[in-house]
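Notes follow the structure.
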Amino acid sequence: MRCLVIIDLKLSSLTHADVGQMHMYCNYAKENWTLPDENPPVGLILCADKGHALARYALDGLPNKIMAANYKTVQPDAEVLQQELEKTRLMLEGLGVGRRK
């Protein structure tokens with residue numbers, strides 16, 4: 001999928017104004033920065049707390065693809081990350097993803 005990805009890092013909780021702002025960014029990018037062979041831009045709002053109800057109602061039904069996600073301020077231990085990577089690798093191998101023909 002070839003498209004622009006616009007990332008907005010918020011230090012606070014998600015607000016409906018943040019969603020509107022990202023919608024405007026995506027519209028501007030679509031009109032001014034997107035190449036003819038590219039898909040429409042995607043917006044990603046990273047915030048301290050997205051608030052599930054607010055995110056659901058503010059993001060649903062927009063013509064632009066905009067997503068919100070919480071970010072973590074502390075990384076997990078290296079061992080936990082390694083276990084998650086291994087678990088994901090095994091799952092993908094089980095689905096046949098990444099195998100060479």
Can you name the nearest heavy-atom pair linking Y25 to D8, along with the distance?
CE1-OD2, 4.1 Å
Of all heavy-atom pairs linking I6 and A29, the shortest is CD1-CB, 3.7 Å
Using a side-chain heavy atom cutoff under 4.5 Å and only I, L, V, M, F, W and Y, what cluster partners does L4 have?
Y28, W33
For residues [X] and [Y], determine if any side-chain heavy atom of one lies less than 4.5 Å from a side-chain heavy atom of the other.
X	Y	answer
I45	Q21	no
I66	C26	yes
M22	K10	no
L59	M67	no

Summary of side-chain hydrogen bond (donor to acceptor under 3.5 Å, both in side chains) pairs that have at least one residue in residues 50-69, sequence neighbours excluded
H23-N64, N27-N64, K30-N64
Same apolar cluster (I L V M F W Y, side chains within < 4.5 Å links), [X]/[Y]:
X	Y	value
L9	V42	yes
I7	V19	no
L14	V5	no

Mind checking side chain to side chain contact (heavy atoms under 4.5 Å, CB included) for L90 and listing every partner two or more places apart, or none if nothing turns up?
E86, E93
